[in-house]
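Everything on this sheet refers to the single structure shown next.
Below, read A as the first sequence line, B as the second, and so on, with proteins coming before strands; counting in each chain starts at 1. Bear in mind the structure is a predicted one, so any value in this text is a computation, not a measurement.
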4 protein chains.
Amino acid sequence: MAAVPRISEEERATRREQILDAAMRCVAREGFHKTSMAHVIRESGLSAGAVYGYFRSKEEIIGAVADRAMDIVGPAIGKAISQSPAPRPTEIIHLVTHAIVRQTEEAEVDITRVAVSAWAEAARDEAVRATAAEKIGGFRSLYADVLRRGQEAGDVDPAVDAEHAAQALFAFMPGFMLQRLIFDDITPETYVEGIKALGVR
Amino acid sequence: MAAVPRISEEERATRREQILDAAMRCVAREGFHKTSMAHVIRESGLSAGAVYGYFRSKEEIIGAVADRAMDIVGPAIGKAISQSPAPRPTEIIHLVTHAIVRQTEEAEVDITRVAVSAWAEAARDEAVRATAAEKIGGFRSLYADVLRRGQEAGDVDPAVDAEHAAQALFAFMPGFMLQRLIFDDITPETYVEGIKALGVR
Amino acid sequence: MAAVPRISEEERATRREQILDAAMRCVAREGFHKTSMAHVIRESGLSAGAVYGYFRSKEEIIGAVADRAMDIVGPAIGKAISQSPAPRPTEIIHLVTHAIVRQTEEAEVDITRVAVSAWAEAARDEAVRATAAEKIGGFRSLYADVLRRGQEAGDVDPAVDAEHAAQALFAFMPGFMLQRLIFDDITPETYVEGIKALGVR
Amino acid sequence: MAAVPRISEEERATRREQILDAAMRCVAREGFHKTSMAHVIRESGLSAGAVYGYFRSKEEIIGAVADRAMDIVGPAIGKAISQSPAPRPTEIIHLVTHAIVRQTEEAEVDITRVAVSAWAEAARDEAVRATAAEKIGGFRSLYADVLRRGQEAGDVDPAVDAEHAAQALFAFMPGFMLQRLIFDDITPETYVEGIKALGVR
DNA sequence: AATGAATGAGCGTTCATTCAT
DNA sequence: TATGAATGAACGCTCATTCAT
């Protein structure tokens, strides 16, 4: 019934990835708004028309890149977090920070930089804010789940709403990323040590 | 003999502030790079030439705005922090988060939004990164001082480098700002409660 | 495999000519620096973006226009000059001045005016100076060749370096152009007559 | 009857010279239209308002500078030319070229460059063209006078209108200036030698 | 489906000139 | 008279996007 596409869905997805990869490299270098479509087009190796065949506008690419950037640590730690017994807060931060460092060292783009750009973009672009809310909200839910289990184990004060504790625990991720962006002196080890020194278990 | 300025240093400073105020409003709305000089000019009520009489370039305005945005909570809590006896970590976060909320509610611009834009800009602009390093570094030093005093009082593990604890404590500021930017559910009260639940004193 | 250009090299060259024609008209009217890119764009009938697709900058257009303007008499007389027997100096100036007059009368732009602008530009733009050196140097070489043959024929003092005689002979071209620009009273005939009166053969 | 000026005519003239000196330096460097009023103002050491107190517009400064630049060799050779017996054409060019070289070497500005800019400006500015016509016309008249005397002495063909011979003789001045602007290889000696080789007496 | 030349509004910045002091 | 801050049109150039091929 539907018009048969000339290229398969698979090929289409591959091309999209190719464009987003290119865009991520550009955004990591120059941020969303100093990255021009011409940069993305050149970097992707496609033509202007081709790129616009996969994304309706720069805004849509920004949305997709922001989505990717904020999706990057979540999956890596999702499994670890759901293990039994529930990991302690400091163990979670250990996992998260190591995942971040691994990402920035292994991948060809520093996703940290893209993520920070995405936070800024969330301030002005409703769609990006919605994505951020979804991703960060997902994170906090995950945290809240573990923390609830931690309350049973005695690691977290059981009198407190686990959602609030999740707000607090979440802070360590952007706190780490921001400091990594600006300083050389922070590592998962120094960070987790510091967190423990504050009393976090 | 010396060229007598037709407007006083004071008036000049006032005009600069007027331009920066305008620029902050624009940046809070649209970020650094979606804010055009035309926007700043219109918002400031001056002419293009006048604005360029006070700032050599957009880059310089970005630098000054970033400086301001990251300077905003520091002074407000500097004094409180140096009081005796040393405030506990959770008291510091209480102060900081309330200062942030007060700022965003009282001032005509939401500096939080500008600060987040400044973090993103630090990723690509060496000068902004230097400013960020200075401001955030200053913060962490302040924290490290209090934490050292806290180590004597028994609030913080004395075996740990206070600088590392400061890295951890610092995280609560961007963590709060970022979540405020995206969600409505976070207040100084929920946040500090959550932090305490994690074990921070 | 190779990127197939959508418009042929020929079409591309035609468009370049179209832009340069427009630029020459503008420069003949207003000189290099009173000609704005907006003028060239309007005159060419293309859009701003299109023009910048063919030339990277105004400077590049200036360079190309200057090149053209100083290239204009050379080819026309090159052949005539190489004929055998060698034309006498006054015959050369007859050819050159007639070529100049024909140009300014037939073409829609007065290239004389553009050439004079190019001399001025050579004073401040290294690239234009290099072009001028190449074109004028070429002229002088051509002259030196003929003059060497003229030395054999007895038209030119054989004791003198032909290059020096070429410096002298060259002068009649800018001398004619400059006076044509400012006065109405000079024609190839009055000019060549005057040159002969001075003793030139 | 007239309002008494606060400063004397003499002081006024001095200031005008000061401004024109500054403008000549600027124009020699960058030409008429790449020289901004701000450059002239800074170089003159006066204020914008002051400069506009002496010249109504940039155009007027351009006119005055062009006037000066084209006036520069005339006076220096006027006397020499009117001596008795009449100098030969080659002697005149000897004088003129040496005067040019002396000017460019002694003065702090290279007037040659300003003069060439003035020729270009004559193509677009009616007032500058009128000045050029006056100055160059004066030159040619001077030449015509000497040549008439030369006709009596047998140096110049007496059958030819001396005005036409003056057109020819005049060419050697711009010819020398233009080549000096672009090449290093031309001196009064090589030039006059070449002129003689062509048969000029 | 893919190409890349073309569009023209908009960019950051400079300009000649004015006028309140 | 002299000052220099202010004006705002115009500058050279880039941008996201379109569409004939």
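- At the phosphate of dT7(F), neither OP1 nor OP2 sits under 4.0 Å from any side-chain N or O atom of Tyr52(B).
- Using a 4.0 Å cut-off between a side-chain N of Lys or Arg and a carboxylate O of Asp or Glu, Glu43(D) and Arg29(D) qualify as a salt bridge.
- The nearest whole Å value for the distance from the CD atom in Glu9(B) to the P atom in dG4(F) is 13 Å.
- Mapping Ser57(D) and Glu59(B) onto DNA chain E via the closest heavy atom, the residue that lands nearer the 5' end is Glu59(B).
- Salt-bridge check for Arg68(A) with Asp21(A): passed, with a basic side-chain N closer than 4.0 Å to an acidic carboxylate O.
- If you measure from atom CD1 of Ile62(B) to atom C1' of dC11(E), you get 13 Å, rounded to the nearest angstrom.
- Note: CZ (Arg42(D)) to P (dT3(F)) measures 16 Å, nearest angstrom.
- Nearest nucleotide to the Ile7(C) side chain, out of dA5(E), dG8(F), dG12(E): dA5(E).
- With a cut-off of 3.5 Å on both pairing distances, the Watson-Crick or G-U wobble partner of dG12(E) is dC11(F).
- The CD1-P distance, from Ile41(D) to dT18(E), rounds to 12 Å in whole Å.
- Phosphate proximity of dG12(E) to Arg56(B): absent, as no side-chain N or O sits under 4.0 Å from OP1 or OP2.
- Scanning both residues, Phe32(A) and Lys58(A), for their nearest heavy atoms gives O-NZ, 3.3 Å.
- The residue Arg15(A) sits close only to the backbone: its heavy atoms come under 4.0 Å of sugar-phosphate atoms, none of a base.
- Rounded to an integer number of Å, the gap from NZ of Lys34(D) to P of dA16(E) is 11 Å.
- The residue Gly49(C) sits close to a base: some heavy atom pair falls under 4.0 Å.
- Rounding to whole angstrom units, CE of residue Met37(D) and P of dG8(F) are separated by 20 Å.
- One can place CG of Leu46(B) at 17 Å from C1' of dT14(E), the figure rounded to the nearest angstrom.
- Looking at Arg129(A) and Glu134(A), no side-chain N of the basic residue comes within less than 4.0 Å of a carboxylate O on the acidic one, giving no salt bridge.
- Between the NZ atom of Lys58(B) and the P atom of dT14(E) there is a distance of 15 Å, given to the nearest Å.
- Within the 4.0 angstrom heavy-atom criterion, no nucleotide atom of any strand lies near Phe55(B).
- Here the nucleotide nearest the side chain of Ala48(A), chosen from dT18(E), dA5(E), dC13(F), is dA5(E).
- Contact check, Tyr54(C) against dA6(E): a side-chain N or O comes under 4.0 Å of OP1 or OP2.
- Base pairing analysis places dA6(E) opposite dT17(F); the two distances defining the Watson-Crick or G-U wobble pair are each below 3.5 Å.
- Proximity of Ser47(C) to the phosphate of dT7(E): a side-chain N or O atom is located under 4.0 Å from OP1 or OP2.
- In this structure, Lys34(C) does not pair ionically with Asp125(D), as no charged nitrogen and carboxylate oxygen lie closer than 4.0 Å.
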